[in-house]
Protein chains: 2
Amino acid sequence: MNPETDTRSRILATAREMFHGRSYADVGIQEICVGAKVQKGSFYHFFPSKQELVMAVIDDMAEDWAHGFVAEAFDQNLPPVERLDYMIDAAYYWQKAASDIEGRMPGCLFGNLALEMSTRDDVMRAKLNAVFDKARDRFRATLDEAVQTGALAPMNTEATGTAMLAYLEGIILLAKTRNDPDVILLLGPAIKTLRIETSQ
Amino acid sequence: MNPETDTRSRILATAREMFHGRSYADVGIQEICVGAKVQKGSFYHFFPSKQELVMAVIDDMAEDWAHGFVAEAFDQNLPPVERLDYMIDAAYYWQKAASDIEGRMPGCLFGNLALEMSTRDDVMRAKLNAVFDKARDRFRATLDEAVQTGALAPMNTEATGTAMLAYLEGIILLAKTRNDPDVILLLGPAIKTLRIETSQ
DNA sequence: CCTTGACTTGACCGACCGGTCTATTATCAT
DNA sequence: ATGATAATAGACCGGTCGGTCAAGTCAAGG
């Protein structure tokens, strides 16, 4: 309804989809404006710069992510170890869906931006780091619970959680390079085998 | 000596360093020419386009890679499982050295390019895939040997090798985002815990 | 000597980049 | 109705992009 919110969110949604499917450098403001059916002046009314836009996109995606399938995958009602499988499945179906529609795997927006931008923009790097830290915390909390319930032997849950996040990003990277979501299904379940022991 | 070879290899070396430290889109031909002390015309005498240049860079780096520290890390005289640790160490020292010089972690050129370009250029994607396949084969051969000598229980060595490659790329991605090579040291050793069983 | 062809020089091209600016319109409180 | 402000429109800016091209330089072969 609210026209201002509508325009802004249309820009945000269009930019998000384009940045996700391609890259920061490859997507121009002009193109986003056309896609969102907005004029340049309107764009710069809502966003001061391209870099501020992509920061907003990161926030937007992180929000959806945390409240969307990640929240489901890390559902507290599930046994901890099963949540890991759910997370893999969620990643697979997401990439699979995007791949079926667009014909190519977009991969993980955060991973994509991290590799493209973190040598160029420290502010963005910090933001992406924060997103990764939150994801790691989800893993860690799950592992903590698994250890507490005795489902898993004691370990360094923080380091192992980080390792699992790294593995997930690595799988998505490889799957994107092969343009084949099935790689996620093949490699994903092994995430449960990762372990970093508590240092003595 | 040979001036033609010298000019070409100077372009190649400059481009490689710049592409590795930044990104494909962020580095311009002009900038490469200045860095290599070459004129634009000379550049286009040796390389028909920017995309052909980066393909040559990938080949160049892959060559160095295979004959450099990867060859050492996968030294046949080492016990198979130790080679995995060597590989991690090699990755760490490489990134650490680059980080100390440049102040920021460049990450893996192949991983960087894969995420930036694989939705845009299928030829490059295929080339990067081939590089990854070779790396996976190194892992697989090592695992095969470890299984044969009884150091590791039988498993799906191809899938596990792929998983290890994915994990390595994921670790480097995370380390780059944190701009901290030590992440590789912290997470790296867990590569040995990865396992994908032979499907029944 | 003269020709050939690899190599170099640097001006030049159209397209597009992110971003600015002025003018106009829609909205709404007074 | 009016004045302030939010929002939109779209022409415009300097700069840079990848790439082209005509004009040379120069060493080797005949």
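Chain naming here is simple, since letters A, B, ... match the order of the sequence lines and numbering starts at 1 in each. Since the model is a prediction, treat every value here as computed from it, not as a measurement.
- Considering only side-chain atoms of B:F46, the nucleotide from C:dG19, C:dT8, D:dG19 that sits closest is C:dT8.
- The interatomic distance linking A:F47 (CZ) with D:dT8 (P) rounds to 12 Å, in whole Å.
- Counting to the nearest Å, the C1' atom of D:dT20 and the CZ atom of B:F43 are 13 Å from each other.
- In this structure, B:M18 atom CE and D:dG18 atom C1' are separated by 16 Å, rounded to whole Å.
- Residues B:D133 and A:R178 are paired through a salt bridge, judged by an N-O separation under 4.0 Å between the basic side chain and the carboxylate.
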Discussion item. The test is side chain to side chain contact (heavy atoms under 4.5 Å, CB included); show your working for B:I88 and B:L168 and say whether it passes.
Written reply: CA-CA 8 Å; B:I88 296 295; B:L168 178 60; 4.1 Å; yes

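- Checked against a 6.0 Å centroid threshold, the rings of A:F139 and A:F74 count as neighbours.
- Ion pairing of A:R125 with A:D122 is present here, as a side-chain N (NZ or NE/NH1/NH2) and a carboxylate O approach within less than 4.0 Å.
- Here D:dC17 presents its C1' atom at 16 Å from CD of A:Q30, a figure rounded to the nearest Å.
- As rounded to whole Å, 10 Å separates atom P of D:dG18 from atom CG of B:D26.
- The phosphate of C:dT8 has OP1 or OP2 within less than 4.0 Å of a side-chain N or O from B:T7.
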Interface polar pairs with nucleotides 11-14 of chain D, N/O, under 3.5 angstrom:
none

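- Rounded to whole Å, the distance from CZ on A:R8 to P on D:dA7 is 11 Å.
- The closest donor-acceptor contact from the side chain of A:Y167 to the backbone of A:L187 lies under 3.5 Å.
- Remark: aromatic rings of B:H20 and B:W94 are close, center separation under 6.0 Å.
- Side chain of B:I29, nearest nucleotide from C:dT9, D:dG19, C:dG19: D:dG19.
- To the nearest 0.5 Å, atoms OG1 (B:T149) and CG (B:D144) are separated by 10.5 Å.
- Here A:Q39 does not reach the OP1 or OP2 of D:dT8: none of its side-chain N or O atoms lies under 4.0 Å away.
- Between the C1' atom of D:dG19 and the CD atom of B:Q51 lies a distance of 14 Å, rounded to the nearest Å.
- Phosphate proximity of C:dC7 to B:H45: present, with a side-chain N or O under 4.0 Å from OP1 or OP2.
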